[in-house]
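Read through the structure below, which is laid out as C-alpha coordinates, and then see the notes.
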Amino acid sequence: MKKRIMVLITSLLIICLLMCSCSAERTPIPEEKKFDTMYDLTELSSRNWVYVDPENNVMYCYIGHGYGGGLTAMLNKDATPKLYNENSMYDVTEISNRNWVYVDSETKVMYWYVGHGYGGGLTIMLEPDGSPKLYDASTSMYDVTEINSRNWVYVDSETKVMYWYVGHGYGGGLSIMLEADGSPKLYDEKTSIYDVTEISSRNWVYVDI
(Lines give C-alpha, C1' and ligand atoms only; values in the text may rest on other atoms or scores of the structure.)
Protein backbone atom coordinates (compact mmCIF):
# COMPACT_ATOMS: atom_id res chain seq x y z
CA MET A 1 0.00 0.00 0.00
CA LYS A 2 2.77 2.42 0.95
CA LYS A 3 4.51 1.68 -2.34
CA ARG A 4 1.39 2.65 -4.30
CA ILE A 5 1.04 5.90 -2.32
CA MET A 6 4.67 6.82 -3.04
CA VAL A 7 4.16 6.16 -6.77
CA LEU A 8 1.03 8.35 -6.77
CA ILE A 9 2.80 11.22 -4.96
CA THR A 10 5.78 11.03 -7.32
CA SER A 11 3.47 11.11 -10.35
CA LEU A 12 1.63 14.18 -9.00
CA LEU A 13 4.93 16.00 -8.40
CA ILE A 14 6.09 15.30 -11.96
CA ILE A 15 2.78 16.60 -13.37
CA CYS A 16 3.04 19.79 -11.29
CA LEU A 17 6.61 20.43 -12.47
CA LEU A 18 5.61 19.96 -16.09
CA MET A 19 2.70 22.38 -15.72
CA CYS A 20 4.94 24.99 -14.10
CA SER A 21 7.55 24.72 -16.84
CA CYS A 22 4.90 25.09 -19.56
CA SER A 23 3.40 28.18 -17.94
CA ALA A 24 6.75 29.87 -17.34
CA GLU A 25 7.60 32.85 -19.52
CA ARG A 26 10.00 32.23 -22.39
CA THR A 27 13.40 33.86 -22.25
CA PRO A 28 13.32 36.80 -24.68
CA ILE A 29 15.62 36.64 -27.71
CA PRO A 30 18.54 39.12 -27.34
CA GLU A 31 18.18 42.12 -29.64
CA GLU A 32 21.50 41.41 -31.33
CA LYS A 33 20.22 37.95 -32.33
CA LYS A 34 17.03 39.19 -33.95
CA PHE A 35 16.82 39.26 -37.75
CA ASP A 36 14.24 40.74 -40.07
CA THR A 37 13.42 37.30 -41.43
CA MET A 38 11.28 34.26 -40.70
CA TYR A 39 14.32 32.00 -41.10
CA ASP A 40 16.87 30.76 -38.57
CA LEU A 41 20.28 31.75 -39.92
CA THR A 42 23.77 30.28 -39.74
CA GLU A 43 26.83 32.38 -40.51
CA LEU A 44 29.21 31.26 -43.25
CA SER A 45 32.69 30.38 -42.06
CA SER A 46 35.87 28.80 -43.33
CA ARG A 47 34.43 25.46 -42.30
CA ASN A 48 32.35 25.86 -45.46
CA TRP A 49 34.07 25.64 -48.82
CA VAL A 50 34.67 29.10 -50.28
CA TYR A 51 36.09 29.19 -53.79
CA VAL A 52 37.51 31.94 -55.97
CA ASP A 53 37.78 32.11 -59.75
CA PRO A 54 41.44 33.13 -60.27
CA GLU A 55 40.59 34.73 -63.62
CA ASN A 56 38.34 37.42 -62.11
CA ASN A 57 38.31 36.94 -58.27
CA VAL A 58 34.56 36.19 -58.11
CA MET A 59 33.76 34.15 -54.98
CA TYR A 60 31.54 31.07 -54.68
CA CYS A 61 30.39 29.05 -51.70
CA TYR A 62 29.65 25.34 -51.39
CA ILE A 63 27.65 23.92 -48.48
CA GLY A 64 27.47 20.19 -47.83
CA HIS A 65 24.84 18.40 -45.76
CA GLY A 66 25.01 14.64 -45.38
CA TYR A 67 25.21 13.14 -48.86
CA GLY A 68 24.00 16.35 -50.56
CA GLY A 69 25.18 19.89 -51.12
CA GLY A 70 24.74 23.12 -53.04
CA LEU A 71 26.88 25.73 -54.79
CA THR A 72 26.23 29.43 -55.46
CA ALA A 73 28.00 32.67 -56.34
CA MET A 74 28.49 34.98 -53.35
CA LEU A 75 26.94 38.46 -53.65
CA ASN A 76 27.35 41.88 -52.10
CA LYS A 77 24.42 43.85 -50.66
CA ASP A 78 23.89 45.55 -54.04
CA ALA A 79 23.62 42.13 -55.73
CA THR A 80 26.98 42.44 -57.49
CA PRO A 81 29.32 39.44 -57.23
CA LYS A 82 31.59 39.43 -54.20
CA LEU A 83 35.28 39.71 -55.17
CA TYR A 84 38.08 38.16 -53.15
CA ASN A 85 40.82 40.31 -51.67
CA GLU A 86 43.62 39.72 -49.17
CA ASN A 87 41.55 41.18 -46.31
CA SER A 88 38.87 38.49 -46.62
CA MET A 89 37.97 36.49 -43.51
CA TYR A 90 37.64 33.35 -45.63
CA ASP A 91 40.23 30.75 -46.50
CA VAL A 92 39.58 30.21 -50.19
CA THR A 93 40.29 27.46 -52.71
CA GLU A 94 40.94 28.34 -56.34
CA ILE A 95 38.69 26.83 -58.99
CA SER A 96 40.82 24.57 -61.16
CA ASN A 97 40.57 21.92 -63.83
CA ARG A 98 40.07 19.36 -61.08
CA ASN A 99 36.56 20.82 -60.92
CA TRP A 100 34.15 20.38 -63.82
CA VAL A 101 33.74 23.52 -65.94
CA TYR A 102 31.02 23.37 -68.59
CA VAL A 103 30.09 25.61 -71.50
CA ASP A 104 26.81 25.99 -73.38
CA SER A 105 27.98 25.87 -77.00
CA GLU A 106 24.93 27.88 -78.10
CA THR A 107 25.66 30.89 -75.87
CA LYS A 108 29.26 30.34 -74.57
CA VAL A 109 27.94 30.83 -71.01
CA MET A 110 30.10 28.95 -68.49
CA TYR A 111 28.91 26.78 -65.59
CA TRP A 112 30.86 24.83 -63.04
CA TYR A 113 30.24 21.79 -60.89
CA VAL A 114 32.11 20.89 -57.73
CA GLY A 115 31.83 17.53 -55.98
CA HIS A 116 32.41 16.75 -52.32
CA GLY A 117 32.10 13.13 -51.25
CA TYR A 118 28.70 11.91 -52.36
CA GLY A 119 27.38 15.45 -52.89
CA GLY A 120 27.98 18.31 -55.27
CA GLY A 121 26.65 21.58 -56.65
CA LEU A 122 26.31 23.48 -59.92
CA THR A 123 26.26 27.21 -60.62
CA ILE A 124 26.56 29.76 -63.40
CA MET A 125 29.96 31.46 -63.50
CA LEU A 126 29.87 35.27 -63.31
CA GLU A 127 31.94 38.27 -64.26
CA PRO A 128 32.59 40.99 -61.64
CA ASP A 129 29.76 43.11 -63.10
CA GLY A 130 27.28 40.26 -62.58
CA SER A 131 26.99 39.23 -66.21
CA PRO A 132 27.44 35.57 -67.18
CA LYS A 133 31.02 34.55 -67.81
CA LEU A 134 31.53 33.64 -71.49
CA TYR A 135 34.05 31.08 -72.64
CA ASP A 136 36.90 32.23 -74.87
CA ALA A 137 39.14 29.36 -75.91
CA SER A 138 42.03 31.71 -76.71
CA THR A 139 42.26 33.16 -73.18
CA SER A 140 40.57 30.79 -70.73
CA MET A 141 42.66 28.77 -68.29
CA TYR A 142 39.95 26.12 -68.07
CA ASP A 143 39.50 22.87 -69.95
CA VAL A 144 35.76 22.87 -70.55
CA THR A 145 33.15 20.23 -71.30
CA GLU A 146 30.27 21.09 -73.61
CA ILE A 147 26.75 20.64 -72.26
CA ASN A 148 24.92 18.04 -74.30
CA SER A 149 21.79 15.95 -74.28
CA ARG A 150 23.48 13.31 -72.15
CA ASN A 151 22.96 15.88 -69.41
CA TRP A 152 19.37 16.56 -68.36
CA VAL A 153 18.06 19.77 -69.94
CA TYR A 154 14.62 20.79 -68.72
CA VAL A 155 12.11 23.37 -69.92
CA ASP A 156 9.29 25.08 -68.03
CA SER A 157 6.36 24.63 -70.43
CA GLU A 158 4.66 27.75 -68.99
CA THR A 159 7.54 30.11 -69.78
CA LYS A 160 9.97 28.15 -72.04
CA VAL A 161 12.79 28.98 -69.60
CA MET A 162 15.50 26.30 -69.67
CA TYR A 163 17.28 24.57 -66.78
CA TRP A 164 19.85 21.83 -66.69
CA TYR A 165 20.92 19.14 -64.28
CA VAL A 166 24.27 17.38 -64.26
CA GLY A 167 24.97 14.27 -62.24
CA HIS A 168 28.33 13.05 -60.94
CA GLY A 169 28.41 9.74 -59.11
CA TYR A 170 25.89 9.97 -56.26
CA GLY A 171 25.70 13.78 -56.48
CA GLY A 172 24.47 16.37 -58.92
CA GLY A 173 23.45 19.98 -59.37
CA LEU A 174 20.76 22.10 -61.05
CA SER A 175 21.00 25.56 -62.60
CA ILE A 176 18.90 27.92 -64.67
CA MET A 177 20.37 28.47 -68.15
CA LEU A 178 21.14 32.02 -69.27
CA GLU A 179 21.75 33.92 -72.47
CA ALA A 180 25.00 35.85 -72.89
CA ASP A 181 23.25 39.06 -71.79
CA GLY A 182 22.10 37.47 -68.53
CA SER A 183 18.48 36.94 -69.48
CA PRO A 184 16.92 33.48 -69.03
CA LYS A 185 17.49 31.16 -71.96
CA LEU A 186 14.23 30.27 -73.74
CA TYR A 187 13.68 26.99 -75.54
CA ASP A 188 13.06 27.08 -79.29
CA GLU A 189 12.49 23.60 -80.67
CA LYS A 190 13.36 24.75 -84.19
CA THR A 191 16.89 25.87 -83.33
CA SER A 192 17.91 24.22 -80.06
CA ILE A 193 20.56 21.50 -80.10
CA TYR A 194 19.13 20.01 -76.90
CA ASP A 195 16.62 17.25 -76.32
CA VAL A 196 14.57 18.64 -73.44
CA THR A 197 12.32 17.24 -70.73
CA GLU A 198 9.35 19.25 -69.49
CA ILE A 199 9.22 20.10 -65.80
CA SER A 200 6.23 18.39 -64.22
CA SER A 201 4.68 17.74 -60.83
CA ARG A 202 6.87 14.66 -60.58
CA ASN A 203 9.66 17.16 -59.97
CA TRP A 204 9.75 19.15 -56.73
CA VAL A 205 8.51 22.71 -57.24
CA TYR A 206 8.86 24.96 -54.19
CA VAL A 207 7.63 28.43 -53.23
CA ASP A 208 9.04 30.87 -50.66
CA ILE A 209 6.08 31.62 -48.37
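Values in this document were obtained by computation on a predicted structure and should not be read as measured data.
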Checklist entry - Heavy-atom distance under 4.5 Å between the side chains of V58 and L83, does that happen here? => result yes
Next on the checklist: Measuring only between side-chain heavy atoms, which start at C-beta, is M74 closer than 4.5 Å to Y90?
Outcome noted: yes
Checklist entry - Tell me, which pairs form a salt bridge (charged side-chain N to carboxylate O under 4.0 Å, His left out) where one or both residues lie in residues 113-142, sequence neighbours left out? => result D53-K133, E55-K133
Checklist outcome for this item: For S183, the side chain to side chain contact (heavy atoms under 4.5 Å, CB included) test, sequence neighbours excluded, returns E179, D181
Checklist outcome for this item: Applying side chain to side chain contact (heavy atoms under 4.5 Å, CB included) to D195 and not counting sequence neighbours gives S149
Checklist entry - Can you tell if the side chain of L134 reaches within under 4.5 Å of the side chain of V109, non-hydrogen atoms only? => result yes
Checklist entry - For the atom pair CG (L75) and CG (L126), what is the distance rounded to the nearest 0.5 Å? => result 7.5 Å
Checklist entry - Which pair of non-hydrogen atoms, one from T107 and one from L178, has the smallest distance, and what is that distance? => result OG1-O, 3.8 Å
Checklist entry - With sequence neighbours excluded, what pairs up with N76 under the side chain to side chain donor-acceptor pair (under 3.5 Å) test? => result T80
Item to check | Shortest non-hydrogen contact from N85 toward N87 | outcome: OD1-N, 2.8 Å
Item to check | Rounded distance (nearest 0.5 Å) linking atom OG of S175 with atom CD1 of I124 | outcome: 4.0 Å
Next on the checklist: Looking at every heavy atom in both Y142 and P54, which two are closest together, and how far apart are they?
Outcome noted: OH-CD, 3.4 Å
Checklist entry - Tell me, which pairs form a salt bridge (charged side-chain N to carboxylate O under 4.0 Å, His left out) where one or both residues lie in residues 151-172, sequence neighbours left out? => result none
Checklist entry - Where do A180 and P132 come nearest, in terms of heavy atoms and distance? => result O-CD, 3.7 Å
Item to check | Side-chain heavy atoms of V50 within contact of M59, under 4.5 Å | outcome: yes
Next on the checklist: Can you pull out every salt bridge (charged side-chain N to carboxylate O under 4.0 Å, His left out) where at least one residue sits in residues 77-87? Sequence neighbours excluded, please.
Outcome noted: none
Checklist entry - Is there side-chain contact between Y62 and Y60, with heavy atoms separated by less than 4.5 Å? => result no
Item to check | side-chain contact (heavy atoms from CB on, under 4.5 Å) evaluation trace for Y194 with E189 | outcome: CA-CA 8 Å; Y194 300 110; E189 62 181 356; over 6 Å; no
Checklist entry - Atom CH2 of W49 and atom CG of D91: how far apart are they, to the nearest 0.5 Å? => result 10.5 Å
Checklist entry - About how many Å separate CD1 of I193 and OG of S105, when rounded to the nearest 0.5 Å? => result 3.5 Å
Checklist entry - Can you list every pair that meets ring-ring contact (aromatic ring centres under 6.0 Å, His included) and has a residue in residues 155-180, with sequence neighbours left out? => result W100-H168, Y102-W164, Y111-W164, Y113-H168, Y118-Y170
